[in-house]
Amino acid sequence: MPTRVLFFMALTLSIFPIATPTFHVKGSVYCDTCRAGFETNATFYIQGARVGIECKERKSMKVVFYTEGVTDSTGTYHIEVENEYRDHICQCLLVKSPIKWCSIPDSGRDRSSIVLTHYQNGIVNHLHYANAMGYLKDQPLPQCKKLLKYYLSDSDV
């Protein structure tokens with residue numbers, strides 16, 4: 001009897017192999033035209049920005065996976081990742097801006113942590129969202145002083 005069970009399991013796995021999980025990572029890249037450190041009404045999203053996904057081993061911090069993608073006309077990237085990276089530290093990161101005057105990565109907004117596993121975390125969706133990442137404009141726009149004053153005011157204007 002045990003031989004039959006093992007044979008059946010082997011036959012089943014050869015006919016229906018275990019699928020490699022594919023994750024779809026989605027996020028956006030913007031230009032912080034006010035150098036505010038966050039998205040404002042003056043922010044615009046960058047088409048053609050290169051974005052990387054990097055996974056490192058926790059102990060050695062050795063890179064075990066890397067891939068890149070490019071943002072579309074809305075500043076959004078969609079990058080497919082095949083395989084689980086359960087025990088790894090994975091991040092999306094800015095690689096290159098196509099805009100010379102908006103190409104300084106905003107420290108703290110230049111990368112975004114992502115989870116690329118389904119193992120014991122309750123996430124069943126294959127679409128994973130990363131926080132928006134941004135570049136700083138070389139000089140803030142003239143209207144930014146007024147805009148930031150509005151954002152930072154305590155009044156209910």
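None of these values were measured; they are calculated from a predicted model.
- Nearest heavy-atom pair across Ala130 and Tyr77 is CB-OH, 3.4 Å.
- In this structure Glu68 satisfies the salt bridge (Lys or Arg N to Asp or Glu O under 4.0 Å) test together with Arg50, sequence neighbours excluded.
- In this structure, the side chain of Thr33 engages the main chain of Ala42 through a donor-acceptor pair within 3.5 Å.
- Note that CD1 of Ile46 and OH of Tyr30 are 9.5 Å apart. Values are rounded to the nearest 0.5 Å.
- In terms of the side chain to side chain donor-acceptor pair (under 3.5 Å) criterion, Asp87 has no residue partners (sequence neighbours excluded).
- In this structure, NE2 in His128 is found 10.5 Å from SG in Cys90, a value given to the nearest 0.5 Å.
- In terms of heavy atoms, Ser112 sits closest to Met133 at N-SD, 4.0 Å.
- Separating the CG atom in Leu116 from the CD atom in Glu84 is a distance of 8.5 Å, to the nearest 0.5 Å.
- Put simply, Val81 and Ile114 are part of the same group of oily side chains (I, L, V, M, F, W, Y) that touch within less than 4.5 Å, one to the next.
- Atom CD in Glu54 sits 4.5 Å away from atom NZ in Lys56 (nearest 0.5 Å).
- Side-chain heavy atoms closer than 4.5 Å link hydrophobic residues (I, L, V, M, F, W, Y) into clusters, and following such links, even through other members, never connects Val29 to Leu136.
- Atoms CG and OG, on Asp138 and Ser103 in that order, are 7.5 Å from each other to the nearest 0.5 Å.
- Taking the six-membered ring where tryptophan is involved, the planes of Phe44 and Trp101 are tilted, since the angle between them lies from 30° to 60°.
- The nearest pair of heavy atoms linking Thr71 to Gly48 is OG1-N, 2.9 Å.
- For the pair His88/Glu57, a side-chain contact is recorded, criterion being any heavy-atom separation below 4.5 Å from C-beta on.
- Remark: Gln91 pairs with Arg111 by the side chain to side chain donor-acceptor pair (under 3.5 Å) rule, at least two apart or across chains.
- For Thr76, the side chain to side chain donor-acceptor pair (under 3.5 Å) partners at least two apart in sequence or on another chain are Thr74.
- Residues Ile104 and Ile99 do not share a hydrophobic cluster, defined by chaining ILVMFWY side chains whose heavy atoms lie under 4.5 Å apart.
- Rounded to the nearest 0.5 Å, atoms NZ (Lys137) and SG (Cys34) are 9.5 Å apart.
- Between Tyr66 and Gly52, the shortest heavy-atom contact is OH-CA, 3.9 Å.
- Listed by chain and residue number, Cys102 satisfy the disulfide bond (SG atoms under 2.5 Å apart) test with Cys31 (two or more places apart in sequence, or in another chain).
- Note on Tyr45: it does not cluster hydrophobically with Ile79, by side-chain heavy-atom contacts below 4.5 Å among ILVMFWY residues.
- Using a 4.5 Å cut-off on side-chain heavy atoms (C-beta onward), Asp106 and Leu94 make no contact.
- Put simply, the side chain of Phe38 does not reach to within 4.5 Å of the side chain of Thr43, judged on heavy atoms.
- Taking the side chain as every heavy atom from C-beta outward, Thr67 and Glu80 never approach each other to under 4.5 Å.
- In this pair, His126 and Phe23 present their aromatic rings tilted. The plane angle is within the 30 to 60° band.
- When hydrophobic clusters are built by joining Ile, Leu, Val, Met, Phe, Trp and Tyr residues whose side-chain heavy atoms come closer than 4.5 Å, directly or via intermediates, Leu93 is not grouped with Val115.
- Closest non-hydrogen pair, Tyr135 versus Ser97, comes out as OH-N, 3.3 Å.
- In this structure, Arg35 has no side chain to side chain donor-acceptor pair (under 3.5 Å) partners at least two apart in sequence or on a different chain.
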